[in-house]
Amino acid sequence: MIAPLMPTYARADLAFERGEGAWLTSTDGKKYLDFSGGVAVNALGHAHPALVKALTEQAQKVWHVSNLFRIPEAERLAKRLIEATFADTVFFSNSGAEAIEGAIKTARKYHAVSGHPEKTRIVTFESAFHGRTLATLAAAGVQKYLDGFGAPAPGFDHVKYGDLDAAKKAITPETAAILVEPIQGESGIRVPPPSFLRGLRELCDQHGLLLVLDEVQTGMGRTGKFFAYEWSGIKPDVLGTAKGLGGGFPIGATLATGEAAKGMTAGTHGSTFGGNPLAMAVGNAVLDVILAPGFLERVREHGLLMKQRLAELKDKHPHVIAEIRGEGLLVGVRCVAPQADVIAAAREEGLLTAAAGENVIRLLPPLIVGDFEIAEAVKKLDAACTRVEAAQKETPSNAPARGAA
Ligand SMILES: *Cc1c(COP(=O)(O)O)cnc(C)c1O
């Protein structure tokens, strides 16, 4: 018999009753340090007073009116996102996949209204993740997610991540845009060479293409800049973001320059829920905190501290941890031991983490995390590594060869 919740997830047998800051309390009363962060969503942790206030105050006024009418809170959030970024205009939706769908549509429409309707193809990158809708799955081109769902949506050319030359060779007269994550999140916190985004920007400029960034995971301060593209000194034409933007309330946003969005006129795109007053009230409250002076600097400092502490753990446990990588508070711990064993051992120690590709576990603490929580997390991960090592000794056939790390 099928489960009441369609069984598309391999869930841990664990549920939570309440949360505060970086901490969650399970329904059986155990406290956990949450470095899974709702998969980079809980940017301000759990039950942040400013978010609770914004949501409950708005809930007393009006929840939803639809986009038949003006929504002042959405206009305000759009203006603030524009002020803080490259963008001139914003479309609000409800998830990361929708934000990227909106970005793809914006890029294609740009060429259509520029007299080049043949320019529809988009260069994308292997092992990317752009969401679970049919178009975003086709954009990423990862076979295991496409299997059994029919012919992939057309119009995407996949090349190796980080390979500028391959991207250049994939450009044809039909190419409209390049779509890329500044750091690949789901596939294992894969950080490309620093020149990669700059190179893609140059390619786009040379060939009249739009540079479209997927900052669903890397955006909203996660890497220590408001958006990760700021690290490279370039600006995109279109950008999709979501996850941290609502701090746990579902919001997606497609940001674009006025030029890139010139085809997006009345009737070309829409979303019933997109930009609804509840979501926008929370989004504005998230921005109040993230854009406050000094906040992102603290994210960078804590990211650095965490990576230093984790590097020490790697040296201490070379048969469990192979590498520490990432930027800001988007941190990947590539494991020698099976990732699932490390995640389970960490959970036993009261630390929640998230899996990613390449046998990496992600540490995605709330951006408000402090020195104490980082020290606690490292202590718990240390204990988890010791557990995994003990298990390796019991079943030596499963242990990696000496020096494998
Ligand atoms: C999570 C994610 C998405 C999809 O977001 P959803 O809200 O699950 O639709 C898209 N792109 C990237 C880079 C992501 O990390």
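Order of appearance sets the numbers: ligands from 1, and atoms from 1 within every ligand.
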Tell me the salt bridge (charged side-chain N to carboxylate O under 4.0 Å, His left out) pairs involving residues 63-79, sequence neighbours left out? R70-E75

Nearest atoms (heavy-atom pairs only) where H64 meets T272: CE1-O, 3.2 Å

Please check if atom NZ in K235 has more than 12 non-hydrogen atoms from other residues, nucleotides or ligands closer than 6.0 Å. no

Near E186 (heavy-atom distance under 4.0 Å), the atoms of ligand 1 are 15 (O)

Considering only protein heavy atoms, which is closest to atom 7 (O) of ligand 1, and at what distance to one decimal place? G96 N, 2.8 Å

Enumerated ligand 1 atoms positioned under 4.0 Å from heavy atoms of Q217: 15 (O)

For residues V212 and L239, determine if any side-chain heavy atom of one lies less than 4.5 Å from a side-chain heavy atom of the other. no

Applying salt bridge (charged side-chain N to carboxylate O under 4.0 Å, His left out) as the test, list every pair that has at least one member in residues 38-51; sequence neighbours left out. none

I need the nearest protein heavy-atom contact for atom 9 (O) of ligand 1: residue, atom name and distance, please. A97 N, 2.8 Å

In terms of heavy-atom contacts, does NZ of K380 have more than 12 from other residues, nucleotides or ligands at under 6.0 Å? yes

At what distance is the nearest protein heavy atom to atom 2 (C) of ligand 1, and which residue and atom is it? K243 NZ, 2.5 Å

For ligand 1, which is the ligand I care about here, please tell me if G131 has any N or O atom under 3.5 Å from one of the ligand's N or O atoms. no

Any atoms of ligand 1 less than 4.0 Å from a non-hydrogen atom of H130? List them with their elements. 10 (C), 11 (N)

Nearest-option assignment for atom 3 (C) of ligand 1, heavy atoms, candidates D214, V39, V216: V216

Measure from the side-chain N and O atoms of E230 to the backbone N and O of F227, and report whether any donor-acceptor pair falls under 3.5 Å. yes

Within reach of ligand 1, part of E181 (heavy-atom separation under 4.0 Å): side chain

Any atoms of ligand 1 less than 4.0 Å from a non-hydrogen atom of S95? List them with their elements. 7 (O), 9 (O)

Tell me whether E98 has any N or O atom under 3.5 angstrom from an N or O of ligand 1. no

Less than 4.0 angstrom from a charged side-chain N to a carboxylate O is my criterion; do R190 and E358 meet it? yes

